[in-house]
Visitor: 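Below: one structure in structure tokens.
In the text below, chain A, chain B and the rest are named by the order of the sequence lines, each starting its count at 1.
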Amino acid sequence: MLTKRIIPCLDILNGATVKGVQFVDLRDAGDPIALAMAYEKAGADELVFLDIGATPHQSKALLSLVASISKHLRIPFTVGGGIKTVADAAARIANGADKVSLNSAAVKRPELISEIADRFGRQAVVVAIDCKQIMPGQWEVFTAGGRIATGKAALAWATLAVEHGAGELLITSMDQDGTKTGFDLALLQLISSAVPVPVIASGGAGNASHFVDVFEQTQCSAALAAGIFHFGEISITSVKNELNKQNIPVRWS
Amino acid sequence: MKKVAIIHYQGGNTLSVFNALAALHCQPVITNQHHDLEQADAIIIPGVGAAAQAMRDLQALQFDTFLKQTTKPVLGICLGMQLLGSFSKEGNTPLLEVLPDKVIGFSKAVITPHMGWNQVQHLGSPLFRGIPAGSYFYFVHSYFMKVAPHTIATSDYDGNFTAALVSRNYFGTQFHPEKSGDAGMQLLDNFISLI
């Protein structure tokens, strides 16, 4: 049976990990390669690297980091942040990224999704959507790291992104992000039940039972978290143990 | 050290396969040159992209005839395995016809792509030596081959399908061993030891 994926997300700035990650065994907690390998060993099913420095110019530091990650990691990984053109995506994939994640640039010009999907296949294109609730049952899409309100409804944009060739959606609840009070189940169910592609839940994970909730109450295929894994508040193993106890299929490495 | 040629065609993420092999006891090369295929001890057809485009690329390189006639071990990964079949519903394209299998799509009852880690049941083929039954491998695909006489491993998504196969000198995995952690590395190591 296909298992539910648990995906740690690492923020990258100038080729290093930010947010002082605390891993007992790591000397340099800012070293993304060591951290990525530690996560692979800990049972992560996939990793997402988000370039939060995202300059208009292609960062050489980022591309060489992607190449090093690819050299050492034996699980799939996605690279997002600052991808505005097919060439940006191609550079990341050529250096070993399995998938790229698009956000603001795809909202501005949805054809970018199909241009990348046509060249690399839709399985290589994740569209990340940052959503904020505006009234019960309705969420608006925000871009530029949550700074710009687009006026677009989350469900409509999610559906359109898939029509343009998104192979996967990464849905983040801005309301829940950082609260550690659980995923936005209503938002995630609304979108995961409407699209034919895998949906990754993001924003709000605080404990193992939140992961159980998102897989029991939505059709999401994967769940992503950052802080709670980085700060050792919860281990991937304990999340998987809890999911297994509730008969939700997970992979044991 | 055994030389392994990884076929370079457009759109494929060949680097992951190269990196995985480079960590094992062999000498990989990513290539679109005939002489590299001639000199190689084994050939890998990696698997990212769409069937019709991949066939056009192989034909443009004039690799299709070579791949059909070679007696060297060939490992097709994901789309690379599917290309060994006779016909794909993806783009309705004829394939290499090394095997009679047709490649068909998953039904609309399931989410596609079939993306993520799924359990693989194998029949004890040397390709799976040292890999426990029910080990997890990473899959990303929307098309598949039905279980056939040369199937050596199956997985279940929308029913059982061929997860790996062997026929003469041709090997194939629907999953990505280069992305499947320790189990995947074991399988690649097994392939190299079979060369």
Visitor: By a 4.5 Å heavy-atom criterion (distance strictly below it), what part of Pro198(A) contacts chain B: side chain, backbone, both, or neither?
Guide: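 Interface part for Pro198(A): both.
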
Visitor: Taking all heavy atoms of Pro113(B) and all of Gln123(A), pick out the closest pair and write down the distance.
Guide: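 Scanning both residues completely, I find the closest heavy atoms to be CG-CB, 4.2 Å.
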
Visitor: To the nearest 0.5 Å, tell me how far Lys179(B) NZ sits from Ser70(A) OG.
Guide: 5.5 Å

Visitor: Above 12 or not: heavy atoms from other molecules or residues under 6.0 Å from CD of Glu111(A)?
Guide: yes

Visitor: Counting only heavy atoms from other residues, nucleotides and ligands, does the tally under 6.0 Å from NZ of Lys68(B) exceed 12?
Guide: yes

Visitor: Is it true that atom CG of Asn241(A) has more than 12 heavy atoms of other residues, nucleotides or ligands lying nearer than 6.0 Å?
Guide: yes

Visitor: Where on Ala97(A) is there a heavy atom nearer than 4.5 Å to chain B: the side chain, the backbone, both, or neither?
Guide: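 Looking at Ala97(A), just its backbone touches chain B.
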
Visitor: Quick check: closest heavy atoms across Ala23(B) and Arg74(A), and the distance to 0.1 Å?
Guide: CB-NH2, 3.7 Å

Visitor: With only heavy atoms counted, which part of Val195(A) is less than 4.5 Å from chain B, the side chain, the backbone, both or neither?
Guide: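 Neither; nothing under 4.5 Å.
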
Visitor: Heavy-atom pairs under 4.5 Å with chain B - which of Pro249(A), Pro76(A), Gly167(A), Ala67(A) has more of them than the others?
Guide: Pro76(A)

Visitor: Measuring heavy-atom distances to chain B, does Ala90(A) have an atom under 4.5 Å in its side chain, in its backbone, in both, or in neither?
Guide: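 The answer is neither part of Ala90(A).
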
Visitor: Atom CE of Met115(B) and atom CZ of Arg122(A): how far apart are they, to the nearest 0.5 Å?
Guide: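 Taking CE in Met115(B) and CZ in Arg122(A), the distance rounds to 8.5 Å.
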
Visitor: Need one label for Ser180(B): side chain, backbone, both or neither, based on atoms under 4.5 Å from any heavy atom in chain A.
Guide: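 When you check distances to chain A, only backbone atoms of Ser180(B) fall under 4.5 Å.
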
Visitor: Check each atom of Ser142(B) against the heavy atoms of chain A and say whether the ones under 4.5 Å are side chain, backbone, both or neither.
Guide: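 Looking at Ser142(B), just its side chain touches chain A.
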
Visitor: Non-hydrogen atoms of chain A under 4.5 Å away: do they reach the side chain of His141(B), the backbone, both or neither?
Guide: neither

Visitor: How many angstroms lie between atom OG of Ser16(B) and atom CD1 of Ile75(A), to the nearest 0.5 angstrom?
Guide: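 Rounded to the nearest 0.5 Å, the OG-CD1 separation comes out at 12.0 Å.
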
Visitor: Can you tell me how far the CG atom of Asn118(B) sits from the CE atom of Met1(A), to the nearest 0.5 Å?
Guide: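 Rounded to the nearest 0.5 Å, the CG-CE separation comes to 9.0 Å.
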
Visitor: With a 4.5 angstrom heavy-atom cut-off, is it the side chain or the backbone of Ala50(B) that approaches chain A, or both, or neither?
Guide: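 Neither part, no heavy atoms under 4.5 Å.
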
Visitor: Sub-3.5 Å donor-acceptor pair from the side chain of Tyr136(B) to the main-chain atoms of Leu2(A), do we have one?
Guide: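 No, because the side chain of Tyr136(B) does not come within donor-acceptor range (under 3.5 Å) of the backbone of Leu2(A).
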
Visitor: Got a second to check how far Thr3(A)'s OG1 is from Trp117(B)'s CH2, nearest 0.5 Å?
Guide: 8.5 Å

Visitor: Which atoms of Glu168(A) are under 4.5 Å from chain B, going by heavy atoms: the side chain, the backbone, both sets, or neither?
Guide: side chain

Visitor: Just wondering, more than 12 heavy atoms not from Lys102(B) lying within 6.0 Å of its NZ?
Guide: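 Count not over threshold, so no.
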
Visitor: Write down the atom of Ser221(A), the atom of Ile111(B), and the distance for their closest heavy-atom approach.
Guide: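 Between these two residues, the closest heavy atoms are OG-CD1, 4.0 Å.
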
Visitor: Going from CG on Leu15(B) to CG on Asp98(A), what distance comes out if it is rounded to the nearest 0.5 angstrom?
Guide: 10.0 Å

Visitor: Taking everything shown except His25(B) itself, do over 12 heavy atoms lie less than 6.0 Å from its NE2?
Guide: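 No.
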
